[in-house]
Amino acid sequence: MLNLYDREWKSFCIKDMFITEKPNGRLRVSTGSYIKKDKLVLGDIPRITVTSQNNGICGFYNYLNYTTKLFSNFISVSFLGNAFYHSYKATLDMKVHCLKIKGRVINKYIAQFILV
């Protein structure tokens with residue numbers, strides 16, 4: 001069995017481990033978008049917000065392809081520090097970031113290791 005204490009651990013930069021983008025010349029991880037509540041239509045796709053409850057899910061809505069990005073199999077991190085693993089497709093609210101590991105598919109075990 002792998003013993004985590006037998007390993008040499010070191011710090012890393014987010015950009016070295018997770019997929020990043022460079023909009024407007026600034027390096028960052030993907031993030032959600034602001035949509036007025038009256039524009040959201042009830043549906044079956046979870047919307048992740050900054051709440052610490054219900055795995056960050058604030059409700060289920062239709063996908064608005066003209067205003068939102070659809071993410072799947074990722075870790076969400078809000079600006080308040082809430083972080084959750086999502087194996088399903090979801091949209092993100094503004095101030096919620098999407099973490100996906102470079103060159104690897106996240107599963108519940110990898111996510112648990114990162115989140116704990």
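These values consider heavy atoms only, across backbone and side chains, with no hydrogens, waters or symmetry-generated copies.
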S.K.: May I ask you to decide if K15's main-chain N or O and K102's side chain share a donor-acceptor pair within less than 3.5 Å?
M.R.: yes
S.K.: So which heavy atom on F74 is nearest to which on C98, and how close?
M.R.: CB-SG, 3.6 Å
S.K.: Do V77 and M17 sit in one hydrophobic cluster, given that two such residues count as connected whenever their side-chain heavy atoms are within less than 4.5 Å of each other, even indirectly?
M.R.: yes
S.K.: Closest approach of R47 and T91, non-hydrogen atoms and distance?
M.R.: NH1-OG1, 3.1 Å
S.K.: Say you draw a straight line from CD1 of I75 to CZ of F18; how long is it, rounded to the nearest 0.5 Å?
M.R.: 5.5 Å
S.K.: Report the C-alpha distance between L92 and F71 in whole Å, list the side-chain angles of each, state the deciding distance to 0.1 Å, and finish with yes or no for side-chain contact (heavy atoms from CB on, under 4.5 Å).
M.R.: CA-CA 8 Å; L92 304 178; F71 300 94; 3.5 Å; yes
S.K.: Between the side chains of Y85 and N73, does any donor sit under 3.5 Å from an acceptor?
M.R.: yes
S.K.: Yes or no on side-chain contact (heavy atoms from CB on, under 4.5 Å) for Y61 and L40, after CA distance, side-chain angles and deciding distance?
M.R.: CA-CA 6 Å; Y61 301 97; L40 293 170; 3.5 Å; yes
S.K.: Can you name the closest pair of heavy atoms from K89 and P46 and give their distance?
M.R.: O-CD, 3.3 Å
S.K.: So if you build clusters from Ile, Leu, Val, Met, Phe, Trp, Tyr with side-chain heavy-atom gaps below 4.5 Å, do Y63 and F60 land together?
M.R.: no
S.K.: So which heavy atom on D93 is nearest to which on Y34, and how close?
M.R.: OD1-CA, 4.2 Å
S.K.: Determine whether N62 and L42 satisfy the following criterion, side-chain contact (heavy atoms from CB on, under 4.5 Å), listing intermediate values before the conclusion.
M.R.: CA-CA 6 Å; N62 285 337; L42 292 178; over 6 Å; no
S.K.: Just checking, is any N or O donor in the side chain of S76 or H97 under 3.5 Å from an acceptor N or O on the other one?
M.R.: no
S.K.: Examine distances only and state if a side-chain atom of T49 and a backbone atom of T51 form a donor-acceptor pair shorter than 3.5 Å.
M.R.: no
S.K.: Report the distance from atom CD1 of I114 to atom CD1 of I106, rounding to the nearest 0.5 Å.
M.R.: 5.5 Å
S.K.: So, for A90 and I45, which heavy atoms are closest and what is the spacing to 0.1 Å?
M.R.: CA-CG2, 3.9 Å
S.K.: Give a yes or no answer on whether the side chain of N3 reaches the backbone of Y5 with a donor-acceptor pair at less than 3.5 Å.
M.R.: yes
S.K.: Output yes when a side-chain donor or acceptor of N107 lies under 3.5 Å from a complementary backbone atom of Y109, and no otherwise.
M.R.: yes
S.K.: side-chain contact (heavy atoms from CB on, under 4.5 Å), that's the test. Do I48 and H86 meet it? Break it down for me.
M.R.: CA-CA 10 Å; I48 312 302; H86 308 278; 3.4 Å; yes
S.K.: In the single-linkage hydrophobic clustering (I, L, V, M, F, W, Y; side-chain heavy atoms under 4.5 Å), do M94 and F79 co-cluster?
M.R.: no
S.K.: State plainly whether one hydrophobic cluster holds both I57 and V41, where clusters connect Ile, Leu, Val, Met, Phe, Trp and Tyr through side-chain heavy atoms under 4.5 angstrom apart.
M.R.: no
S.K.: Is the number of heavy atoms from other residues, nucleotides or ligands within 6.0 Å of CG (D38) greater than 12?
M.R.: yes
S.K.: Does the pair K100/E21 count as a salt bridge with the N-to-O cut at 4.0 Å?
M.R.: no
S.K.: For K69, does the NZ atom sit with more than 12 other heavy atoms under 6.0 Å from it, leaving out its own atoms?
M.R.: yes
S.K.: Please check: side-chain N/O of T31 versus main-chain N/O of V96, any donor-acceptor pairing under 3.5 Å?
M.R.: yes
S.K.: Please report the shortest heavy-atom distance between V29 and I19, naming the atom on each side.
M.R.: CG1-O, 3.7 Å
S.K.: Within the distance-only criterion (no hydrogens, no angle test), does the side chain of N82 pair as donor or acceptor with the backbone N or O of V50 below 3.5 angstrom?
M.R.: yes
S.K.: Do K95 and S78 touch side chain to side chain, with heavy atoms closer than 4.5 Å?
M.R.: no
